[in-house]
Amino acid sequence: MIRRLAPSVLNADLAQLADQVRLVEEAADWIHLDLMDGHFVPNLTLGPPVVAALRPHTSRYLDCHLMVDDPEALLPALAEAGASGVSMHVEALDDPARALAAAAEHGLDAGLAVKPGTPLDTVLPYLDSLDLVLAMTVEPGFGGQAFDDQVLPKITAASRAIAGAGRPVALQVDGGVNAATLPRCLRAGADVFVVGSAIFGADDPAAAAKAFRELIDGGAG
Ligand code: DX5
Ligand code: ZN
């Protein structure tokens, strides 16, 4: 199984975004970008122009987590900006099948994200038409929150459902992932690990990212 590290720059020094990405790039598979609109979540971050600005500075996969009321509306601009994949919150979508198809039409890998309290049943009908399931392990909106243990059974269930689907679907965890919680997610079957403040809040983000890389590659029990 391919395991991926996706550092989240939400809590990085955003005035120096390209330099911050460069610090973790060698250890990272994906760079996780949190797009928030101030409505779906009570925080307002970055949009397609920042994705476009970052694009020439890294060859890494740009993994865009859309915490917005109307994720479909952003797809053309994100494709144009050079995004690689998008995760759209199922809570924000009237018609997830249509949104996934629209992302694919724009050449974007397509994922569905669920908040901690949203049942897995909301995404299972779409396993044959998505590339990624994002299980939030905190309420979306802010970095630096504590990992919600209660999501672990949902991760295990998602991993089993994906195995039964017979096609490659990544299972991403996001929120409160650190050296203590990552191994628990890994054992539950997650394979893409978003790590924000445990990397960019460290004294040496490059060394922290490298340590997470080793934790993931070592299997972490
Ligand atoms: C929160 C974001 C996360 C955030 C994670 O809504 O989706 O990607 O950056 O940060 P940590 O790892 O600090 O919880
Ligand atoms: Zn995120």
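Just so you know, these numbers use all the heavy atoms, side chains as well, and skip hydrogens, waters and symmetry mates. Atoms within each ligand, like the ligands themselves, are counted from 1 in listed order.
Contact check for V51 versus C64: side-chain heavy atoms found under the 4.5 Å cut-off. Between S129 and R167, the closest side-chain pair of non-hydrogen atoms is not below 4.5 Å. Annotation: side chain of L17 is not in contact with side chain of H57 (no heavy-atom distance under 4.5 Å). Within the 4.5 Å cutoff, no side-chain heavy atoms of V192 are placed close to those of L171. Taking 4.5 Å as the limit, every side-chain heavy atom of R184 sits out of range of all side-chain heavy atoms of L182.
Which parts of ligand 1 touch G175 is read off a 4.0 Å heavy-atom cut-off, strictly below it: atoms 14 (O). The contact set between ligand 1 and M67, taken as ligand atoms under 4.0 Å from a residue heavy atom, comprises 6 (O), 7 (O). Those atoms of ligand 1 that come under 4.0 Å of a heavy atom in D174, given as number and element, are 2 (C), 3 (C), 4 (C), 5 (C), 7 (O), 8 (O). Distances below 4.0 Å separate heavy atoms of H32 from the following atoms of ligand 1: 8 (O). Within ligand 1, counting atoms from 1 as listed, the ones closer than 4.0 Å to a heavy atom of S197 are 11 (P), 12 (O), 13 (O). Taking a cut-off of under 4.0 Å to the non-hydrogen atoms of V194, the atoms of ligand 1 that pass are 8 (O). Atoms of ligand 1 lying under 4.0 Å from at least one heavy atom of H65, given by number and element, are 7 (O). If you number the atoms of ligand 1 from 1 as listed, the ones under 4.0 Å from a heavy atom of G144 come out as 11 (P), 13 (O), 14 (O).
The cluster map of Ile, Leu, Val, Met, Phe, Trp and Tyr, joined by side-chain heavy atoms under 4.5 Å apart, puts V90 and L132 in different clusters. F147 and L215 fall within the same hydrophobic cluster, defined by Ile, Leu, Val, Met, Phe, Trp and Tyr side-chain heavy atoms under 4.5 Å apart, directly or through other members.
At the Zn ion (ligand 2), the vertex angle linking OD2 of D174 with OD1 of D34 is 170° (nearest 10 degrees).
Backbone and side-chain nitrogen or oxygen atoms of G141 are examined, and one is located within less than 3.5 angstrom of a nitrogen or oxygen of ligand 1. Remark: ligand 1 and V195 share no N or O pair separated by less than 3.5 Å (distance only, no angle test). Residue N11 has no N or O atom closer than 3.5 Å to an N or O atom of ligand 1.
The nearest protein atom to atom 1 (C) of ligand 1, hydrogens excluded, is given as F142 O, 3.5 Å; this is a heavy-atom distance.
Proximity of S8 to ligand 1, defined as any heavy-atom pair under 4.0 Å, is confined to the side chain (atoms from C-beta onward).
With atom 2 (C) of ligand 1 as the reference point, the heavy atom nearest to it among V177, D34, L134 is part of D34. If you check each of G143, P140, G176, G196 against atom 14 (O) of ligand 1, the one with the closest non-hydrogen atom is G176.
Residues I216 and R4 come closest through the heavy atom pair CD1-O, 4.0 Å.
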**OP:** Would you sort out whether D63 and H65 count as a side chain to side chain donor-acceptor pair (under 3.5 Å), showing the intermediate values?
**Re:** CA-CA 7 Å; D63 167 36; H65 177 191; over 6 Å; no
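Between the Zn ion (ligand 2) and the N, O or S atoms of H65, the shortest distance is to ND1.
Residues R3 and D29 are not paired through a salt bridge, judged by the lack of any N-O separation under 4.0 Å between the basic side chain and the carboxylate.
Residue A198 places no heavy atom under 4.0 Å from ligand 1.
Between F40 and H89, the angle of the ring planes lies from 30° to 60°, which puts this pair in the tilted group.
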